[in-house]
Amino acid sequence: MLFCLLQGTMRFNAIRKRFPNITQRVLTAQLRELEQDGFVLRAVYAGAPPKVEYSLTERGWSLDSVITTLKSWGDAHVPPSEK
């Protein structure tokens, strides 16, 4: 999820599309936890329906190199049958 937000601010449904096997309940819980830990900022904009956007905080951005390195390592170690 943090890797997705490295691309920029995203709305809830855009994040959900990136993780098709996650339930709405689990995604909401994960985002709330990341927000409570200070990694993600949740911005709510008035409207009908309200617009909610998620972005990385300064603390979240501090993980950029760590997340990118882990992603590279994971990509390099995916079994051939899963590529």
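Keep in mind that what you see is a predicted model, and the values were worked out from it rather than measured.
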(message) One pair to check against side-chain contact (heavy atoms from CB on, under 4.5 Å): Val40 and Leu2. What are the steps and the verdict?
(response) CA-CA 8 Å; Val40 171; Leu2 293 174; 4.0 Å; yes
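Remark: Arg16 CZ to Asn21 CG distance equals 11.0 Å, nearest 0.5 Å. The distance from atom OG1 of Thr69 to atom NZ of Lys71, rounded to the nearest 0.5 Å, is 12.0 Å. Note: Leu6 CG to Asp64 CG = 5.0 Å, rounded to the nearest 0.5 Å. The structure places CD of Gln7 at 6.0 Å from CZ of Arg18, a figure rounded to the nearest 0.5 Å. Here Arg59 contributes atom CZ and Asp37 contributes atom CG; the two are 6.5 Å apart, rounded to the nearest 0.5 Å. To the nearest 0.5 Å, atoms CZ (Arg42) and CZ (Phe12) are separated by 9.5 Å.
Each ring-ring contact (aromatic ring centres under 6.0 Å, His included) pair with one or both residues in residues 18-76, not counting sequence neighbours, appears once here: Trp73-His77. Residue pairs meeting the salt bridge (Lys or Arg N to Asp or Glu O under 4.0 Å) criterion with at least one member in residues 25-36: none, sequence neighbours excluded.
Contact check for Leu5 versus Met10: side-chain heavy atoms found under the 4.5 Å cut-off.
Leu41 and Leu27 are assigned to two separate hydrophobic clusters, defined by single-linkage of ILVMFWY side chains at heavy-atom distances under 4.5 Å.
Shown here is Glu58, whose CD atom has no more than 12 heavy atoms of other residues, nucleotides or ligands within 6.0 Å.
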